[in-house]
Amino acid sequence: MPVFEPVDTSLKFPEAEAKIAALWKDQDVFQQSLKLREGRPTWVFYEGPPTANGRPHPGHVLTRVVKDLFPRYKTMRGFRVPRKAGWDTHGLPVEIEVEKELGLSGKGDIEKYGVIPFVRKCMESVFKYTADWENLTEKIGFWIDLKDAYVTYHQSYVESVWWSLKKLFEKDLLYKGHKVLPCCPRCQTALSSHEVGLGYKDVEDPSVFVTFRAEDWEASKTSFLAWTTTPWTLPSNAGLAVKADTEYAHVKVGDETLIMAAALVEPVMGKLKHEVVKSEPGSALVGRRYLPLFDWWKGAPGEREKAWKVCAAEFVTLDTGAGIVHIAPAYGADDYALGQREGLPVIHLVGPDGRLKPDCGAFAGAYFKDADKDLIKDLRDRGLLLKRENYKHPYPHCWRCDAALILYAREGWFIRTTREIGRVIENNKKIQWLPEHIRDGRFGNFLETNIDWALSRERYWGTPLPIWVSEDGAHMEAVESLKDLAGKPGVEGLDAFEKAQAADPGLNTHLRVHKPWIDAVTYLAPDGKQRMKRTPEVIDCWYDSGAMPFAQWGYPHAQGSLDQFTQAFPADFISEAIDQTRGWFYSLLAESTLLFDSAPPPHPFKTCVVLGHVCDEKGEKMSKSKGNYIDPFGILAEEGADALRWFFYSSNHPWTSSRFSRGNVREAQKEFLLKLRNVYSFFVIYANIDGFDPSGGRGPDFQRYRRGGRPLPERGQLDRWILSELHQTTSGVRQRLDDYDIYGSAQQLNAFCESLSNWYLQRSRERFWRPWRGEDRLHDDDKDKLDAYWTLFECLVNFAKLIAPFVPFTADELWQNLVRRPLGNAGAPVPKPSDSGATVVNLDKFARVPESVHLADYPTADPQAVDCALGEEMALVREIVSLGRNVRAAQKLKVRLPLAKVVLVLADAEKTDIVRGHEEVLREALNVKQVEFARMAEQYVSYKVQPNFKLIGAKYRDLVPKIKQALKDANASHLKGKFDSDGCCVLRVDQKDVLLNQEEVEITIQAKEGYAAAGGRGAVVVLDTHLTPELEAEGFARELVNRIQNARKDLDLKYEQRINLAVKGSPRMEEVARAFGEYIRRETLATELRVGEMPEGWRTFDVDAEKEIGTLGLLAE
RNA sequence: GGGCUCGUAGCUCAGCUGGUUAGAGCGCGUCCCUGAUAAGGACGAGGUCGGCUGUUCGAAUCAGCCCGGGCCCA
């Protein structure tokens, strides 16, 4: 049995992932990872509850993979990271979904159908797609505790919410007020913004300029000119708004004076004869009073004094109208908000049915749309209309009945967030937002323009508002639980639910805190006469989700909830998409700030990673109706979870919207996961062939060696280099993850994978192929070979740990095969970096082997293993090789053909010795016999001396362009000579001597034309293209080896299969085969090489190399 | 209309507090390598860094205005 399970490179990723998923399930690895960290500090994660009444889409995948990454990472860093799932179950979307399903339309239908069955349907529908969600969660490897999820309709959750609302009520932060909502006068119901969006239509409305006479009209004949497209709101006018920082003109028309924005005088007046007599800023108008157009509204005592005055408002624009806006707080959101701020009364002269109220004289009972015409006529008759036009604009209509909507101030319950918004803003400032601009940008602005939270909904399926009101409305009380209710005087109706349940045992017990059963509970009012009844509304479901920090534990009612809550408050980390700024992010922050005065900010979350939208290939929002929707389950089934995860981590920062497509996922997979799997597979193939066993316990071969390979200083450059890269990557990734920089850490991982595959392995292959020299493995070559194994082994094992939070399946697959399989027996050691740095893998320090990589510690970087100088050297060497290949390509000289020498000219001649230290790697990579260095190499190269702008700029400022020119004009070779000998040079610039030292310039070299050469920043590489018969023969031999290898592949021979080999062909071919016989046999694992004959029964292959023709014969031994 | 955000190669995106030859991957073209083989590598073409104006010795980077896309709100 091989030490390592051979890697099936044709294996589909999803199959391998399914195996790992099964392993996690069998061993309950997630729970183990929690148990393992028992007693350690807790790192708190809050799950933003999704609604499960729709199928998950790709955006949910992004959210979930980001939510999964950091808890996994923090767990490996030694924290205990409980992850309680949650479900958002209330709200209008659920009701609408059920309405659709039942073919109902509007509240009337629901009442007819029956609230009880409707609510039951809502509850059932909530988990309609639960199976899909759980499937997705499991498939993408999102570790979260689904069994212990919080559910917003559960009794304990609802009672927690009640408790919090009672607290707000007691602090006078919960009150009854008005809110302007788009309503359908026919259906008599408010519409959600989503519904409004469905019904926009272009209509033509009258647009009128109306004059509001100033209070002193009799004396001054002055009035304010305002514009509106809704004449029916004019009787309900309560104020006028101007822009404070804009000029307003007094315009004389006839014997009257009109006040209007100076900038709009010409467009409004047109041909009308007029004269501007004076102008003043808008701020000067503020506070002036005027006479109402229709004096129908009487108002309560003292109310009339508050109405009909000029206010300043930000929203006044000079695009249309007269620069003065008519304000009807009952029929406009801006109007209402301004009215609240300025203390204007809410004048309601239109009923919810759209008809003018009885107060309206002759107009009483008119439908608002029909009233427009007559109202205008009335104004004109009374000389209050300047002019009338028509205005085409989009206007919302009811998507059900097509009636024009009216914006209507309705009664409702509000949270007085505006009172505490300063504290909310302070709290927000302490939160770490990613990207940062959310804090003061989108979210900060939102907070700055905060209005009170409209909490109540006149619907059925939601947390009931726990306010009980006396019949005359004089007493109000908030209730925090059923128990609280039960203690009320003269309570009745608590048994309503029990009775219902007795009649229908299928009734879910959690429904006892819901409508309509809870509405049956009444009790005696403090006056001892009236009954206290619950106000009928339910609450906004966003309040539910914002309550999760405490409500998920049933705090404060549930036993032990105080501890649970305090331990998990505030959260270290949350993450959701950008659309949650006004949703969950706000509800969390607002509730926490209002409820927990004494908690030090920030709370209830410290860090928030805000995610962008997942778009289609063209960058457009995905939607099922557009047909550009990509089903994540399809990609999970084909490409696999890790590919999907890696795509989201590595394609861009998570807050930029990503273009999601199968092609893009495959690309990400190819670049990283496939490359990694190839390296892993390579290791397994050769480790198995050579019997490399990290446990050291299998057979005598490794007993004599110190397990873990030679100490670092004794290993070769390549090994030390890749281990240095590994440890640098380790610290880089740790640091970036600590900073929540997903994209940055993914790039680091990508880069290491590239280095490992394209350079370390590429250059080390020979060490893996090479046979052992001696049984005792004491030969230097054998020690070096063992080092190669240990080095690659350590890279793979550590890398598996590094990538574990990102691609948990792949990571564990590597771990299971590379670590668990050979080392997993009881008592066997687990690789752990030493702290001495003497050896990087020190098996003496091994402890128990975790069953899964996710139970391991995240790797620490050993600073002693990091060798920055070596890293720079290797970068230069890689550049040289790249340049050399460039030359070969240009000269059409295959790498197989050996060349006599390469001449290197380094930009920095001091690096000669360093590069010479890598001579062997260079010789092999470029396939040359000799590496030479040319110091004064003017025949090949020319120099270019440029200023180091950063230094020169700071020092010489505006002299810089002249210095640049002077350096350009000077003889570059001469300058270089100067710098080489003196370390500085003197330039004549602007009649002054400027002394430049070595650091202040940058000397680069370029290859001269006409040579087989190529140049980069660090070096020029010149190839000796002169071919000798010996070189050509060797090249030919390599061609032969290549053909033989291809033949081996055709025969599908095992890597270690030995063969007998025959070569018969042209005289030159046979001659080369003889001359390089040993080399050919070694490279192709041929025990025997016959030249010039072709034994019977051997498999033959025609060859054609360098225009020589022949036949190869192979026979497996 | 307001706020936020983005605009860099055919495509997807990097590019920190300004430093003069703007990078990567994919795609395309030309090759190479192959005992990792339904992989891998090199090279090349391709860019007015959305536009304009300014600040500066120097701008993809900073400021202002404009144009265009996206999101949120009205």
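Side chains are part of it too, since the values below use all heavy atoms of this structure and drop only hydrogens, waters and symmetry mates. Order of the sequence lines sets the chain letters (A, B, ...), proteins ahead of strands, with each chain counted from 1.
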Could you state the atom-to-atom distance from CD1 of A:I880 to C1' of B:A42 in whole Å? 16 Å
Would one find a side-chain N or O of A:N758 under 4.0 angstrom from OP1 or OP2 of B:G41? yes
Run the side chain to side chain contact (heavy atoms under 4.5 Å, CB included) test against A:S207 and tell me which residues pass, sequence neighbours left out. A:W227, A:T229, A:E389, A:Y391
Output all residues satisfying side chain to side chain contact (heavy atoms under 4.5 Å, CB included) with A:A454, sequence neighbours left out; order by chain, then residue number. A:K179, A:F414
With sequence neighbours excluded, residues passing side chain to side chain donor-acceptor pair (under 3.5 Å) with A:R763: A:E924
Pairing annotation in dot-bracket form, given for RNA chain B with Watson-Crick or G-U pairs under 3.5 Å and | for cross-strand partners: (((((((..((((.....[...)))).(((((.......))))).....(((((..]....)))))))))))).
Under 4.0 angstrom between A:N678 side-chain N/O and B:A36 OP1 or OP2: no
Test of understanding: with side chain to side chain donor-acceptor pair (under 3.5 Å), list the residues that count as partners of A:E1039, not counting sequence neighbours. A:R896, A:R1043
Rounded to the Å, how far apart are A:R878 CZ and B:C43 P? 11 Å
When we call it a touch if two heavy atoms are under 4.0 Å apart, what does A:E671 touch: a base, just sugar-phosphate, or nothing? sugar-phosphate
Roughly, in whole Å, what's the span from CD1 in A:I963 to P in B:U20? 16 Å
Are OP1 or OP2 of B:A36 and a side-chain N or O of A:R765 less than 4.0 angstrom apart? yes
Short N/O separations, protein against nucleotides 66-68 of chain B, under 3.5 angstrom:
none

Using atom CD1 of A:I451 as one end and atom P of B:A74 as the other, report the distance to the nearest whole Å. 8 Å
Using a heavy-atom cut-off of 4.0 Å across all strands, would you classify A:R582 as base, sugar-phosphate, or nothing? sugar-phosphate
Which part of the nucleic acid, if any, lies within reach of A:K1049 when heavy atoms closer than 4.0 Å are counted: base, sugar-phosphate only, or nothing? base
Nucleotide nearest A:K670 when distance is taken to its side chain, options B:G27, B:A36, B:A14: B:G27
Using the C1' atom on both, measure B:G58 against B:G70 and round to a whole Å. 34 Å
Are A:R1038 and A:E1083 within salt-bridge range, i.e. N to O under 4.0 Å? no
Residues two or more places apart in sequence or in another chain: which of them pass side chain to side chain contact (heavy atoms under 4.5 Å, CB included) with A:V684? A:F4, A:V7, A:Y680, A:N688, A:N817, A:L818
With 3.5 Å as the limit, what N/O pairs link the protein to nucleotides 56-59 of chain B?
residue : atom : partner : partner atom : Å
B:C57   : N1   : A:R957  : O            : 3.3
B:C57   : N4   : A:R957  : NH1          : 3.4

A:D1052 atom CG is separated from B:G35 atom C1', nearest whole Å, by 13 Å
Considering just the side-chain nitrogens and oxygens of A:Y686, establish if one lies under 4.0 Å of OP1 or OP2 belonging to B:A36. yes
Taken in chain and number order and not counting sequence neighbours, the residues that satisfy side chain to side chain donor-acceptor pair (under 3.5 Å) with A:R923 are A:E919
Side-chain atoms of A:K950 come closest, of B:A36, B:G19, B:A42, to B:G19
What is the nucleic acid contact for A:T581, judged by heavy atoms within less than 4.0 Å: base, sugar-phosphate only, or nothing? nothing
Across the strands shown, which category fits A:Y743 at heavy-atom distances under 4.0 angstrom: base, sugar-phosphate, nothing? sugar-phosphate
For A:R666, what residues pass the side chain to side chain donor-acceptor pair (under 3.5 Å) criterion, not counting sequence neighbours? A:E639
Look for any protein N or O under 3.5 Å of an N or O in nucleotides 3-8 of chain B and output each such pair with its distance, or none.
residue : atom : partner : partner atom : Å
B:G3    : O3'  : A:N445  : ND2          : 3.4
B:G3    : O2'  : A:N445  : ND2          : 2.6
B:G3    : N2   : A:R442  : NH2          : 3.3

Taken to the nearest whole Å, CD/A:E754 to C1'/B:A14 is 16 Å
How far, in whole Å, is B:A9 from B:U48 if one measures between their C1' atoms? 13 Å
Quick one: are A:W433 and A:F585 in side-chain contact, heavy atoms under 4.5 Å? yes
Are any of the side-chain heavy atoms of A:V679 and A:Y760 separated by less than 4.5 Å? no
Walk me through whether A:Y586 and A:N450 qualify under side chain to side chain donor-acceptor pair (under 3.5 Å). CA-CA 11 Å; A:Y586 174 66; A:N450 182 260; 2.8 Å; yes
Give one of base, sugar-phosphate or nothing for A:L1053, where a contact means two heavy atoms less than 4.0 Å apart. nothing
Under 4.0 Å, heavy atoms only, any strand: does A:R439 hit a base, just the sugar-phosphate, or nothing? nothing
For A:I685 and A:D579, take the nucleotide of RNA chain B holding the closest heavy atom to each; which residue's nucleotide lies nearer the 5' end? A:I685
Write down the distance separating the P atoms in B:A14 and B:G29, rounded off to the nearest Å. 28 Å
Integer angstrom distance from the C1' of B:G35 to that of B:C31: 23 Å
P spacing across the pair B:G50 / B:C6, given as an integer number of angstrom: 12 Å
Applying side chain to side chain contact (heavy atoms under 4.5 Å, CB included), name anything that partners A:N652, two or more places apart in sequence or on another chain. A:T656, A:S658
Using atom CZ of A:R888 as one end and atom C1' of B:U30 as the other, report the distance to the nearest whole Å. 18 Å
Is A:V679 touching bases, backbone alone, or none of the nucleic acid, heavy atoms closer than 4.0 Å? base
Measuring only the P atom in each nucleotide, how far is B:U56 from B:A63? A whole number of Å is fine. 16 Å
Could you give the CG-to-P distance, from A:D741 to B:A14, as a whole number of Å? 12 Å
